[in-house]
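Please read the structure below before turning to the comments.
Owing to the predicted nature of the structure, the values given are computational and were not obtained by experimental measurement. Residue numbers start at 1 and run along the sequence shown.
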Amino acid sequence: MAVVIVAVAGVIGVWGSRQKERQRRAVHDFVAALADDVQRGNDPAPRLRGTDRSLMPLVISRLEAVTALSGGTPAKFEIETMTGDTDAAGQVPAPATHTAILRVDGNDVLGLRLVHRDPPGDVVIIGYWTP
């Protein structure tokens with residue numbers, strides 16, 4: 001019986017780990033696609049459908065500034081996504097499930113606070129900060 005309990009716990013642990021990695025990857029892909037839209041001059045609003053309407057123009061203008069810093073070259077642009085929230089954004093009312101740091105030439109230029117929701121892949125931005 002003890003072996004069965006340990007085996008089930010192991011399976012649950014591996015499944016949870018994979019689930020977290022899938023969510024982190026979905027958040028990364030969301031931020032990358034959003035930045036790509038801004039770089040190409042496409043309307044990013046459809047990707048931001050669940051994001052607070054008052055936050056949308058602020059995030060878009062910050063992303064435009066980031067892509068301007070990179071000279072429009074994706075090779076100079078890097079995105080690091082992490083599971084969990086950050087205190088770098090200050091005191092905030094709602095917790096984020098993920099954070100993303102956008103870098104240009106190795107310098108942190110924008111941080112995003114995001115929530116990954118169901119259905120899988122549904123991601124919204126709930127805040128940002130400038131590192």
Side-chain angles (χ1 to χ4, degrees):
M1 186 63 169
V3 172
V4 171
I5 292 171
V6 170
V8 169
V11 168
I12 290 172
V14 169
W15 177 82
S17 225
R18 287 185 179 161
Q19 182 71 5
K20 282 185 179 185
E21 178 55 25
R22 278 193 295 272
Q23 289 178 353
R24 190 202 62 76
R25 188 72 194 154
V27 169
H28 183 274
D29 292 348
F30 169 82
V31 174
L34 185 61
D36 188 56
D37 281 348
V38 171
Q39 277 186 321
R40 295 177 187 270
N42 297 336
D43 180 15
R47 288 194 196 283
L48 298 171
R49 67 187 174 280
T51 299
D52 184 303
R53 293 221 181 269
S54 64
L55 189 59
M56 286 172 57
L58 299 170
V59 169
I60 291 169
S61 72
R62 297 287 184 203
L63 284 169
E64 288 170 344
V66 168
T67 58
L69 285 173
S70 72
T73 307
K76 292 184 177 182
F77 195 84
E78 181 186 342
I79 302 166
E80 179 183 0
T81 54
M82 297 148 284
T83 300
D85 208 346
T86 180
D87 58 0
Q91 196 169 13
V92 292
T97 60
H98 295 80
T99 55
I101 302 289
L102 290 83
R103 294 187 181 102
V104 175
D105 292 331
N107 298 311
D108 295 355
V109 293
L110 179 64
L112 297 173
R113 299 179 61 249
L114 306 110
V115 172
H116 182 279
R117 304 186 301 195
D118 286 327
D122 186 21
V123 179
V124 296
I125 298 172
I126 62 168
Y128 71 93
W129 76 97
T130 50

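- In terms of hydrophobic clustering, with Ile, Leu, Val, Met, Phe, Trp and Tyr side chains grouped at heavy-atom distances under 4.5 Å, Leu110 and Trp129 are assigned to different clusters.
- Here the shortest heavy-atom pairing between Pro46 and Asp43 reads CD-O, 3.3 Å.
- Contact record, Thr97 with Val115: OG1-CA, 3.3 Å, taken as the closest heavy-atom pair.
- Summarising the geometry, atom NE2 belonging to His116 is positioned 9.5 Å from atom CZ belonging to Arg22; distances are rounded to the nearest 0.5 Å.
- At least one side-chain heavy atom of Asp37 sits less than 4.5 Å from a side-chain heavy atom of Arg47.
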Problem set entry | Worked verdict on Arg24 versus Thr83 for side-chain hydrogen bond (donor to acceptor under 3.5 Å, both in side chains) | CA-CA 6 Å; Arg24 190 202 62 76; Thr83 300; 5.8 Å; no

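- Within the 4.5 Å cutoff, no side-chain heavy atoms of Asp122 are placed close to those of Phe30.
- Residues Leu63 and Leu102 have side chains in contact (heavy-atom distance under 4.5 Å, counting atoms from C-beta outward).
- The side-chain heavy atoms of Leu69 and Asn107, taken from C-beta on, include no pair separated by under 4.5 Å.
- Rounded to the nearest 0.5 angstrom, His28 NE2 and Arg25 CZ are separated by 5.5 Å.
- Cluster membership check: Leu55 shares its hydrophobic cluster with Ile60, using side-chain heavy-atom separations under 4.5 Å among Ile, Leu, Val, Met, Phe, Trp and Tyr.
- Residues Leu58 and Leu48 share a hydrophobic cluster, clusters being chains of Ile/Leu/Val/Met/Phe/Trp/Tyr side chains in contact below 4.5 Å.
- Put simply, the side chain of Leu114 does not reach to within 4.5 Å of the side chain of Thr81, judged on heavy atoms.
- Here His98 contributes atom NE2 and Gln23 contributes atom CD; the two are 5.0 Å apart, rounded to the nearest 0.5 Å.
- Residues Ala94 and Ile126 come closest through the heavy atom pair O-CD1, 3.7 Å.
- Here side-chain hydrogen bond (donor to acceptor under 3.5 Å, both in side chains) pairs that include residues 52-63, with residues two or more places apart or in two chains, are Asp52-Ser54.
- In this structure, Val124 and Arg117 have side chains that are in contact, with non-hydrogen atoms separated by less than 4.5 Å.
- Under the 4.5 Å side-chain criterion, counting only non-hydrogen atoms from C-beta, Met82 is in contact with Ile101.
- Between Ala35 and Thr67, the closest heavy-atom pair is O-CG2, 4.1 Å.
- When all heavy atoms of Val104 and Val109 are compared, the pair lying nearest together is CG2-CG2, 3.9 Å.
- Just one of Thr86, Asp85, Thr99 meets the side chain to side chain donor-acceptor pair (under 3.5 Å) condition when paired with Arg113; it is Asp85.
- Gly111 approaches Pro131 most closely through the heavy-atom pair N-CD, 3.9 Å.
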